[in-house]
Every structure is written in C-alpha cells, then in structure tokens.
Amino acid sequence: MEITYWNSIIAHGITAFSYFCIPIVIAALFSKTKATIPSKFWLAFFLSGAFIFFCGFHHFLMMFESHTPISSMHLGVIDIMAFVSLSTLLWLMPTTSQIIEVIAKFQADARELQRSQQMLQLFLNQGPFGAYIKDEQSRILYYNQEIQSKFLVGPQEWLGKKDSEILPDPEQGRLVMENDQIVLKTLRPLKLIEEVKTANNEQPNYWLSFKFPFSDPTTGERRIGGISIDITETVEAQRVIADLSRQLEQKTLTLDSKNQQLTYLSDMANMLYTCESEDEVYQVVALTCSKLFSNMSGCINIIANSKHYVETKSFWGGEKESKEIFSQSDCWALRRGKLNLLSPHHPGLVCNHIRQPVNGAHLCVPLLGQVEVVGFLHIHSPEEIDSEQQQIAEVIARYLAFALNNLLIKQRLTHDNLRDGLTQLFNSTYMQTITEQRLAEAQRLGQSLGLVFLDIDNFKSYNSRYGHLTANIVLKALGKLLLNSIRSFDIPCRWGGDEFVIVMPNVTLEKLRERVEQLRVDVSQMELKDGEQTLESITVSFGIAVSEPGITVKELLSRANQAMLKAKRNSKNQVLAYRYP
C-alpha cells in the first residue's frame, strides 16, 4: 500500500514538473532565438500554454491530496503519463530549439524579403526612368511613378490598357506594341529609341528603351519588362550640335570659296602688273571672270579713241548677250558713271546694248580711268546676281581701269628718258606726269599726297671750292641716300641742278614732317669722299606741302618750293611746311 502511494506521488510530481517545464522551455527558446509569434496565433499559443500549465498545476495538487486506494490500471496510467510527459519534455528541448530556429530564420528571411521588396519598390518609384510590365497582349500590368509623372496619370488609370489606347498618338502606340511583339517572338532583349508624345506637350519625347521577356513564376505566362529613360534633352542637344556642324561646314565652304576668290583676284592683279598690251589685259580679266563667274557670261567694252562708239574687246561664257559695237548712250553705266543692275528681283534701267529678248540678270560696271570713264564691264547671269558678286565685279573693274591707265602711262613714256643720268633719280618730266596720276588717285580715294622740295645749302660755294666733278659726286651720293631712305612707292626726282623733289602718296602733314626731318639728319651725317679725300659734309633745306581737294600739281609744287625758299632764307638746314593763308 505504501509503494502504491509513493508511486502515485512520484508520477504526479514528474508529470507536473514536465507540464511546468514545457512552456518555460518554449518561452526560453523563443527568447533566445528572438523569434516572434504572429499576432493571429497569439490566442491559440496562449490558450495552449495555459492548458499545459494548468494540467501541471492539477498534477501538482494531486501530490497533496489524501491517499485513496487506486486500482493497478489507474496507477499504470499515471505512470505512463509521467513517463510520456518526461519523455516529451526531454525530446521537446532539442527539437523545439530547432523548430524555433527555423521559425526565427523564416521570420528573418521574411523581413529581409520585405525590406528588399521595399527597396526595389523605392528604386522603381524614385529612379529617373520609367519602368513597366506588360502581358502578352501588351496590356499594362504595372508602371512606376516616373511614368505617372511624365504622362500625368494615376497609379491605377493605365492598368489593363494597351499603348494604342492611352497614348495621344495612336500610331505611336501601335509602333510601341510592335516592338513588344518583337521581344515576345525573339525572346531576346531589345534596345531602341521610341518617340512618344505626352498629353501636355506637342513636341515628342524620346525614350531609350530596354525591353526584355520573362515568365511569371506563379502562372508561367510570358511577360514583357521594360525600362525607358527620357533622352529628349540629349536628342535635342545632338540636333543642335548637328545643326551647328552643318553651319560650320557651310561657313567653311564659304570661307574656302572666299579664299579662292581672293586667290583669283590676287593672281589677276599680279598678271595685270606684267601685261605689255591692252589685249593681254583683256585676256587676263576675261580668264579671271570665267573662274569667278563660272555660270555666267560677260564682256569687256571699251570706248574708242574717237569717243564715237563703244567696242567689245573680250568675251567669256556662253552666248553673247550684248552687242559688239554700240553708242556710249546705249549703256546707263557709261551715262551715269556708276553701276547699273537689271534683274528679276531688281527691276532697273534696260541698256540698249543688251540683245533682245532681255532675260536673266545684267550688271554693267563702269571702268573709271584717271580723269574719265574708259569703258564698262558687262556680266549676264541666268539667275540673280547677289551683292557679293556685285562687289567682286566692282573690284575687277577697278583693277582693269588701273591696269589700262598704267598701261597708257607706260606707252606714253616709252621713248622718254625717265631718269636723270647723273643721280639715277626720275627726271622732272616723269615727276610731273606721275605726280598728276598720284594726285588724281589720292583725290579719288580721299587720301592726301605729300610733296617735298629740297635744295643743297651753299652748293655754289661748294662747287667753286671743289669743282664740278667733285660736286657731281655729292649729287650722286645725295641721290643714292634718297633712294635708300624713302618708301618703295615714294617717287624721288631731280628737279634740276641741286634741287630735288620727292612725291609721297597717302601721308599726313605730321607724318611727312617726321620722315623729312629724319632725312635731313641723315643728309647732315652723310660721309662724302672723293677717292681718299674726305669732303666737307653738306646740309639741305626742305620745304613740304600736302595736297587738298581741288589742288593742281603746279600749285602743290609751288607751295613746297615756297616753303623751301623760306627755309633757305632763315637759317637753312631745316624743314619748313607750307603755311596756308
């Protein structure tokens, strides 16, 4: 009887201990692994724990109940219950640890997955690109906030719709869907630029799109994923760069064309300088015009010496559009002494020398000689003659007129002795001729012409002291100094005896005085020798004058001479300018 009693007490104790330890072990393991119980399972977990705890409390109380006889079967059940409870406790400790660790890992993985999904969603919504998913019929299943902001649509507005239904331009939507089908057919990613208009913008946006196929892991259906980046600014910048490149290329071609024109004009000027006859001059100009006006025709018309008619001297291009012989009054350019243009966009005066019927554009440019018009340049074009071509024609006409004028001067001076035999300077005859020409050119160009009159001081006493031969050495040395001290286009002349004249084009009175003053110093420092004999140095008195509008060569020479005489009357060896009354 005593054995049965203690058997029952021990069995109830073991069972109570096991029931008490099971929830404690489970709670400790949850605390150790930091696993959590989902809120929806809290009630079941709490009730289960309470049930086990109260069962243990029941068995605990049974240990203190008064002993009553129990059957052997009841005692066996209590023993088996104690054994099962203790075994459950011992088995539950390692097994529950593993189960709770699995639960903890599952919960950690779930949190990481949730965090990854949140990061992915944040990436898709905050990224500067449009992201979308479509089904096999190109119906939209998902699109991110970038697309919502670009097209001003809500997060649910486009779901289930096709691009042809939602884009402002249905044709653009159809092209986008065709690209989707290419991805599905080839099952390969596709990279392309799509042009899409938005509802609030007339100008299209350009998207760099990356489309790729994938399968829905739940249903296994094909899906189209896409990422599109707005590259409108880049495309517009490329267009601007392309436009600038075309403009630069056009400017380069224009610059090359202008350089070629300058080359032709420069070559013409060089050839005109070496021409020995009028025919050569006409050939050179006609050749240059054929290069500069390749799609035009024209001719050079010169007034005859008798002044009774105008004659064509040279021609280039296709058919002749001007008569070969006609009256001066037949050309408005000759009448007016200025350019005359007749064209479809510039209706002007029709010259009678133009052949009928009049067509295209006609340009007549007068050839302004030294004192009068000597002819004109006629150019005919099937199209308009622009302002640049007019300017080129005027330049050619100016070169042609100068060439004819220079050639005329050469012809007039062919049999004259242009230079002084002693000093090798130009003689007085040439000096007067070239001064007239330079004065006319200066007045036409609005420039001034400087004239220097110089005389050797006390040259008569110098001549008496050393003799004529030695005095000639001094004159030669002075002539050489003048040639070496002036500009290449200045004209030094021997006026007569010990008097000299220098013609200096395009110079102001102040600049002229400065140059002549330096020349005076150079003369006074000049070393003179007759063989081994050193001669006395010389000084020179200078008179200078500068032209003014309407002045003649005679008046200009007289003014410079007056200034020189005044310098000699004063203290000599000085530079005096003519004082205007």
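The structure presented is a predicted model; accordingly, all values stated were derived computationally and were not measured. Numbers here are sequence positions counted from 1.
Within the 4.5 Å cutoff, the side chain of I325 has no heavy atoms near those of the T312 side chain. Counting only heavy atoms from C-beta outward, the side chains of Q356 and V358 approach each other to under 4.5 Å. The side-chain heavy atoms of D279 and K313, taken from C-beta on, include no pair separated by under 4.5 Å. When side chains are defined from C-beta on, L349 does not count as touching L342, because their heavy atoms never get closer than 4.5 Å.
Checked by atom type and distance alone, the side chain of Q250 never pairs as donor or acceptor with a backbone atom of Q247 at under 3.5 Å.
Taking the six-membered ring for Trp and the full ring otherwise, F293 and W316 have centroids separated by 6.0 Å or more.
Within 6.0 Å of OH in Y282 there are more than 12 heavy atoms belonging to other residues, nucleotides or ligands. The neighbour count for E383 CD, taken as heavy atoms of other residues, nucleotides or ligands under 6.0 Å away, does not exceed 12.
Between the CD atom of E233 and the CG atom of N205 there is a distance of 10.0 Å, given to the nearest 0.5 Å. With values rounded to the nearest 0.5 angstrom, F212 atom CZ is found 11.0 Å from F210 atom CZ. Here the OG atom belonging to S228 is positioned 9.5 Å from the CG atom belonging to N144, to the nearest 0.5 angstrom. In this structure, the separation between CZ on F129 and CD on E146 is 8.5 Å, given to the nearest 0.5 Å. Taking CD1 from I193 and CD1 from I231, the interatomic distance works out to 4.0 Å, rounded to the nearest 0.5 Å.
Comment: E394 does not engage R398 in a salt bridge, judged by the lack of any side-chain N to carboxylate O separation of less than 4.0 angstrom. Checked for salt-bridge contact, K134 and D163 meet the test: a charged N lies under 4.0 Å from a carboxylate O. Under the 4.0 Å criterion applied to side-chain N and carboxylate O atoms, E441 and R438 are assigned as salt-bridge partners. Residues E165 and K162 are not paired through a salt bridge, judged by the lack of any N-O separation under 4.0 Å between the basic side chain and the carboxylate. Look at E388 and K258 and you find a salt bridge, because one of the NZ, NE, NH1 or NH2 atoms lies within 4.0 Å of a carboxylate O, short of that distance. Taking 4.0 Å as the cut-off between side-chain N and carboxylate O, K211 and E194 count as a salt-bridged pair.
Using cut-offs of 30° and 60° for the angle between ring planes, the H378 and H362 rings count as parallel.
The side-chain tip of R335 points at the ring of W332 from less than 6.0 angstrom away and within 45° of straight on.
Here the options are V365, N340, N301, the test is side-chain contact (heavy atoms from CB on, under 4.5 Å), and the partner is F376; only N301 passes.
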